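This report refers to the structure that appears directly beneath it.
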Amino acid sequence: MLSLEDAQAAILNAIRPARAIERVALEQACGRFVAALLTAQVDHPAFDNSAMDGYALRVDDGRAGELPVAGESSGGDPPKSLAPRTAMRIFTGAPLPVGADTVVIQEDVERNGDTVRLPAELTLGENIRRRGEDFNAGDALYDRGRRLSALDVALLATAGVDHVPVYARPRAFVVATGNELVVPGRPLAPGQIYESNRLATCLQLRALGVDVIDGGTVRDEPAALRALLVDAAQYDFVITSGGASVGDHDLIKKIFGELGTIHLWKARIKPGKPIAFGHIGERTHFFALPGNPLSSLVTYKLFVEPAVIAWHHGTSSPLMLPAQAANDFRRRAGRTEFLRARIYVEGGRLLAEVLKGQGSHQLGPLRFTNGLIRVEADSSGFVKGDAVEVMQI
């Protein structure tokens, strides 16, 4: 059984990354993964301009204490020339007049008709945004593997980028296995439960930009599983939940072993020990996630999400934060464990409260969960006030 880090490394090393690339308009690029280096097409700022509303002048001229106002520069104007021994009215973002070397903000001057009285102290270059001080044409902005956010798209627009090469969306097939599973909305017979793992997996994959095919639920019957997975090789990812343990009705390992190659079976984590990963053919990565709801959610976050990002040539680095335990937690050491927690700030400290109901079948605590406390394999727990590490979710 592999440690968490060894299991993650084994999966990432076995990813067969995306090759197909498409170009999309900038407005369609948010959430997509960049497929080639993106560079600025223009300088930014594109010209010397004023950072404030005020008056543009030469510092040496301004030492006279008072100057006549000649002309005006506003946004969208071409650069104008500043006449010697004058000041020009200027607005934020407007081009700096040729010959000016500073801008005095309007709050620091006294306007009297066509003249301005200036402060005694003037600073050369003050309140000027210089051309290219942010970035220059040709500067690297984003490399491949970067998933673009709305803020990234705004930067690219400013840099003159109108189309972006991105990796084509991966196709994923998601299915839940189990004789007891029923889709919400239908009446439950004795011994049945409502299925939730498949829905959560589909939604999280779609949030990553994956083209998801919902395979529904299937009974724990070898023939039914084989029939469902017969076309698995046409997908980039096949993800199942349930049937990944060692019981008589846990058939996923057997069926995946017939269709492809299993590279990993079980990881030393809690919840989520029965996790399987492998390949079907040359294209498809398969994950068999546990059937317990919390185990499925945690293993998706630890293994599937990083794999999908790696498929896009990206790197997953979940934000881990130092915090103080808000209550005690004791356990038997042996596996790396992730505890549902409520993280909050109190008195300037980040606190993490272990929630009641840590069973892998219990979803009720998700109402209050906004993080996971990581407990190392050799740890027997912690007491209130101890330093802990939390992962935001």
Side-chain angles (χ1 to χ4, degrees), residues 1-4 7 176-184 188-201 203-204 217 220 239-250 252-253 265-276 287-305 318 323 325-344 351-384 386 388-393:
M1 190 173 359
L2 296 178
S3 68
L4 170 61
T177 69
N179 298 340
E180 75 279 17
L181 301 180
V182 175
V183 176
L188 290 176
Q192 293 182 326
I193 61 172
Y194 287 123
E195 194 281 319
S196 63
N197 295 349
R198 173 184 51 83
L199 175 61
T201 299
L203 291 173
Q204 290 177 101
T217 62
D220 286 324
I239 303 165
T240 66
S241 67
S245 191
V246 294
D248 292 342
H249 295 284
D250 293 321
I252 289 295
K253 182 177 181 181
W265 184 262
K266 295 184 182 179
R268 197 175 294 113
I269 61 171
K270 182 180 181 181
K273 181 175 71 172
I275 164 81
F287 287 89
L289 306 185
N292 279 323
L294 246 296
S295 299
S296 180
L297 289 170
V298 169
T299 51
Y300 172 87
K301 194 70 180 176
L302 295 177
F303 301 111
V304 180
E305 184 175 290
N327 51 359
D328 299 347
F329 176 76
R330 308 306 298 177
R331 64 154 208 167
R332 179 183 298 175
R335 287 189 278 168
T336 302
E337 186 167 1
F338 291 86
L339 306 170
R340 279 153 287 168
R342 180 175 72 94
I343 56 178
Y344 58 98
L351 300 179
E353 174 192 4
V354 181
L355 296 170
K356 294 181 179 178
Q358 291 291 327
S360 60
H361 64 293
Q362 294 177 291
L363 290 179
L366 291 181
R367 290 171 292 174
F368 314 106
T369 299
N370 59 357
L372 298 172
I373 298 175
R374 174 171 173 156
V375 184
E376 300 300 337
D378 59 356
S379 172
S380 57
F382 47 81
V383 297
K384 181 178 179 179
D386 280 355
V388 295
E389 192 175 41
V390 296
M391 178 172 67
Q392 283 189 299
I393 58 172

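Heads up: numbering here begins at 1 and tracks the sequence. Just so it is clear, the structure is predicted and the values come from calculations on it, not from any experiment. Side chains are part of it too, since the values below use all heavy atoms of this structure and drop only hydrogens, waters and symmetry mates.
Remark: F303 pairs with no residue by the ring pair (Phe, Tyr, Trp, His ring centres under 6.0 Å) rule, at least two apart or across chains. F382 meets the ring pair (Phe, Tyr, Trp, His ring centres under 6.0 Å) test with F329; sequence neighbours excluded.
Among T201, I275, I239, T299, the single residue meeting the side chain to side chain contact (heavy atoms under 4.5 Å, CB included) criterion with V304 is I239.
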Please list, one pair per line, the donor and acceptor atoms closer than 3.5 Å that link side chains of residues 359-366 to other protein atoms, with sequence neighbours excluded.
unit_1: S360; atom_1: OG; unit_2: N292; atom_2: ND2; d: 3.0
unit_1: Q362; atom_1: OE1; unit_2: Q358; atom_2: N; d: 3.4
unit_1: Q362; atom_1: OE1; unit_2: G359; atom_2: N; d: 2.7

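To the nearest 0.5 Å, atom CD1 of residue I343 and atom CG of residue L351 are 10.5 Å apart. Atom CG in L2 sits 7.5 Å away from atom CZ in R268 (nearest 0.5 Å). Separation of atoms CG (L302) and CG (L372) is listed at 8.0 Å; rounding is to 0.5 Å. Distance check, rounded to the nearest 0.5 Å: CD1 of I269 to OG of S295 gives 8.0 Å.
Taking every heavy atom of both residues into account, N327 and A352 meet most closely at OD1-O, 4.2 Å. Scanning both residues, I193 and L188, for their nearest heavy atoms gives C-CD2, 3.8 Å. Taking every heavy atom of both residues into account, A341 and I373 meet most closely at CB-CG1, 3.6 Å. Across all non-hydrogen atoms, the minimal contact from S380 to A333 is N-CB, 4.5 Å.
Side-chain contact check for I393 versus F338: every heavy-atom pair is 4.5 Å or farther apart.
Listed by first and then second residue, the salt bridge (Lys or Arg N to Asp or Glu O under 4.0 Å) pairs that reach into residues 365-377 are E5-R374, R374-E376, sequence neighbours excluded. The stretch residues 188-199 participates, sequence neighbours left out, in these salt bridge (Lys or Arg N to Asp or Glu O under 4.0 Å) pairs: E195-R198, R198-D214. Applying the side-chain hydrogen bond (donor to acceptor under 3.5 Å, both in side chains) rule to pairs touching residues 331-344 yields R331-E337, R342-E353, sequence neighbours excluded.
With S379 contributing its side chain and G381 its backbone, the two residues share a donor-acceptor pair below 3.5 Å. In this structure, N197 contributes its side chain and G291 its backbone to a donor-acceptor pair below 3.5 Å. A donor-acceptor pair under 3.5 Å is formed between the side chain of Q204 and the backbone N or O of A200. A donor-acceptor distance shorter than 3.5 angstrom exists from the side chain of T177 to the backbone of G242, with no hydrogens or angles considered.
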